[in-house]
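The structure appears below as structure tokens.
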Amino acid sequence: DHKLYVDEFVITKGETKRVAINLDNPTYVPTGIQFDIKLTGGIKITSKPSTVSARLPKGVDEDGEQYDNFQVFWGEIEPGLYRGGVMTLEGTPFSGKTGAILRVSITTTEDFGKEPISITFPEVKLSNNDDTSTSFLAQGVTTEGHEAKPLAEILAGENQTDYYIADAIKVVGKSANGKVFATDGNDNWINLSVPEGVILTEGVSYVGEQFGGTMTGAGVNPGLEMKKVFGTAESKVAVAGDVEVVDMTQPFALSSNQVVAVTGYYFNDDNQETLRAYSGNNGVRGQSLTIDNSWLENAPAMTNATPYTVKKAAVQLKAAWDVPAGARVAQSDELAFQNYIIYPLQMAEIATGINELTVGSSDKVYKTIENGQVIIVKGDVRYNIMGQPVR
């Protein structure tokens with residue numbers, strides 16, 4: 001089919017976006033085109049379009065200098081409805097069979113967000129050298145636009161509704177089945193189901209990318225079944241992704257968006273899973289981190305008052321936080337059970353230099369983390385990850 005169209009796009013309030021007007025003409029060789037273009041949903045075209053040189057002909061003057069061998073006409077018929085066209089000056093046909101011929105700048109108006117965004121071509125006509133009296137009618141394709149919103153606003157949305165994220169987001173963790181755990185850096189988190197062929201790198205912030213998808217798990221474990229990623233790979237900015245080790249027996253202070261490893265004692269009281277500093281109450285509530293295991297695939301079943309290590313988790317300050325962010329948590333802090341929440345993330349086992357340990361009936365072998373280092377303990381002997389004894 002012969003058609004005129006623009007690609008799907010995402011725009012935020014106050015943004016100006018360059019959008020290509022594409023022409024596909026598989027069997028027709030045009031020397032001119034005229035079209036009406038209508039914009040709805042609080043968007044408008046800001047100026048006369050620019051041309052795409054690869055599709056439009058050039059001429060050469062007597063001095064050997066190139067010139068545009070075409071003329072562009074453009075005007076606004078009424079608010080939101082424009083008429084434009086391109087006509088070659090010497091009957092020279094357009095080049096190619098597909099791709100952009102013009103580019104327009106689109107921005108938002110005061111009515112943006114009140115209704116769905118769309119671009120339609122109510123009328124499209126093509127002409128050529130063989131058919132000068134009657135123009136050939138081409139199809140005008142309706143294109144959807146999408147309003148991009150802050151992640152914080154999207155998280156309050158509804159299931160089975162499409163949303164597009166306007167914020168830059170940082171990928172904190174990935175799971176084996178292609179899901180990505182990401183944050184906007186302001187205590188807002190989203191679980192993204194990534195489509196095939198899209199690669200999001202762990203520990204990387206995506207600046208200027210806009211992610212779109214259908215909401216799932218609203219109000220519980222919010223996620224987007226991603227449909228598209230709008231943006232370019234060049235906008236990636238690498239950030240540090242070090243894992244901080246938390247010693248729950250010592251006062252500690254965390255901030256949102258950190259990635260941590262935590263060893264403590266597991267408790268599940270009234271369906272609230274926590275890690276605590278001690279195996280028993282002992283009259284002191286003690287330091288505690290709330291765990292949300294819903295992000296972890298195949299979360300292990302744990303027994304109350306047993307040691308448990310979370311090798312990798314993302315930190316969030318809970319909504320109930322009423323101590324300044326970064327304040328130390330004392331062992332007698334009555335707010336200790338509501339200060340932080342951690343989201344365990346998928347992490348591969350750390351390869352060690354110890355292939356096999358012969359365990360006697362009186363020996364216990366286990367792995368622990370000390371000062372950020374993995375230590376293997378067998379009886380009274382401690383080994384590093386290369387299998388060498390350490391003090």
Side-chain angles (χ1 to χ4, degrees), residues 1-11 15-59 67-147 162 228 230:
D1 292 338
H2 303 84
K3 61 183 180 181
L4 193 70
Y5 61 97
V6 300
D7 293 323
E8 206 173 347
F9 67 97
V10 175
I11 192 169
E15 181 183 11
T16 298
K17 174 100 40 174
R18 293 285 287 169
V19 175
I21 298 177
N22 305 288
L23 173 64
D24 287 357
N25 50 295
T27 61
Y28 193 80
V29 183
T31 58
I33 183 171
Q34 177 182 306
F35 59 88
D36 290 351
I37 178 172
K38 184 175 180 62
L39 282 68
T40 61
I43 56 175
K44 66 179 182 179
I45 296 174
T46 62
S47 60
K48 183 178 178 178
S50 61
T51 58
V52 179
S53 60
R55 293 297 312 272
L56 300 176
K58 293 283 187 180
Y67 63 90
D68 290 338
N69 195 14
F70 57 86
Q71 182 177 358
V72 177
F73 56 93
W74 183 261
E76 187 172 13
I77 301 173
E78 61 184 56
L81 179 63
Y82 307 82
R83 177 164 294 166
V86 182
M87 186 65 67
T88 62
L89 299 178
E90 300 171 0
T92 307
F94 290 7
S95 299
K97 300 292 186 180
T98 186
I101 57 170
L102 299 171
R103 297 187 190 278
V104 293
S105 294
I106 294 177
T107 192
T108 61
T109 71
E110 60 184 13
D111 293 326
F112 180 74
K114 295 181 180 179
E115 60 179 288
I117 302 167
S118 70
I119 297 179
T120 59
F121 295 91
E123 185 175 17
V124 183
K125 292 182 179 181
L126 296 173
S127 62
N128 70 5
N129 292 326
D130 300 325
D131 188 13
T132 56
S133 59
T134 304
S135 297
F136 184 90
L137 186 63
Q139 177 187 6
V141 179
T142 301
T143 297
E144 292 184 359
H146 302 287
E147 178 187 356
D162 289 349
K228 249 182 184 180
F230 297 83

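Reckoned from all heavy atoms, side chains included, excluding hydrogens, waters and symmetry mates. Quick caveat: nothing in here was measured; it's all calculated off a predicted structure.
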Test log, rule side-chain contact (heavy atoms from CB on, under 4.5 Å), inputs T51 and V86: CA-CA 9 Å; T51 58; V86 182; 5.6 Å; no
Exceeds 12 heavy-atom contacts within 6.0 angstrom, atom CD of Q139: yes
Exceeds 12 heavy-atom contacts within 6.0 angstrom, atom CD of E110: no
Short side-chain to backbone donor-acceptor contact, N129 and G91, under 3.5 Å: yes
Distance, nearest 0.5 Å, that separates CG of L81 from OG1 of T120: 8.0 Å
Side-chain touch F70/I101, heavy atoms, less than 4.5 angstrom: no
T92 to P57 - nearest heavy-atom pair and separation: CG2-CB, 3.5 Å
Beyond-backbone contact of T27 with H2, side-chain heavy atoms, under 4.5 angstrom: yes
Criterion side-chain contact (heavy atoms from CB on, under 4.5 Å) on F121 and V6, from CA distance to verdict: CA-CA 10 Å; F121 295 91; V6 300; 4.2 Å; yes
Residue pairs, two or more places apart or on separate chains, that pass salt bridge (charged side-chain N to carboxylate O under 4.0 Å, His left out) and touch residues 38-54: none
N128 side-chain N/O to P30 backbone N/O, donor-acceptor pair under 3.5 Å: no
I119 and I106: CA distance, side-chain angles, deciding distance, side-chain contact (heavy atoms from CB on, under 4.5 Å) verdict: CA-CA 11 Å; I119 297 179; I106 294 177; 3.7 Å; yes
Minimum-distance pair of heavy atoms, taken over all atoms of I117 and H146: CD1-C, 4.0 Å
Exceeds 12 heavy-atom contacts within 6.0 angstrom, atom CD of E76: yes
CA sep, side-chain torsions, deciding dist, call: D68, L56, side-chain contact (heavy atoms from CB on, under 4.5 Å): CA-CA 8 Å; D68 290 338; L56 300 176; over 6 Å; no
Interatomic spacing from CD1 in I33 to CD1 in I21 - rounded to 0.5 Å: 8.5 Å
Closest approach of V29 to P93 (non-hydrogen atoms, all atoms of both residues): CG1-CB, 3.3 Å
Check: S127 and M87 side chains under 4.5 Å, non-hydrogen atoms: yes
Residue pairs, two or more places apart or on separate chains, that pass side chain to side chain donor-acceptor pair (under 3.5 Å) and touch residues 98-108: T16-T107, R18-S105, D24-T98
Minimal non-hydrogen separation, T40 against S118, with atom names: OG1-OG, 2.6 Å
Parallel, tilted or perpendicular, as decided by the 30° and 60° cut-offs, for the rings of W74 and Y82: parallel
Non-neighbouring partners of F112 that pass ring-ring contact (aromatic ring centres under 6.0 Å, His included), sequence neighbours left out: none
Derivation of the side-chain hydrogen bond (donor to acceptor under 3.5 Å, both in side chains) call for T88 and T31: CA-CA 6 Å; T88 62; T31 58; 4.6 Å; no
Least distance between heavy atoms, G96 atom then R55 atom: O-NH2, 3.3 Å
Passing option when F35 is tested against L126, L23, L4 for side-chain contact (heavy atoms from CB on, under 4.5 Å): L4
Min side-chain heavy-atom separation N25-F94 under 4.5 Å: no
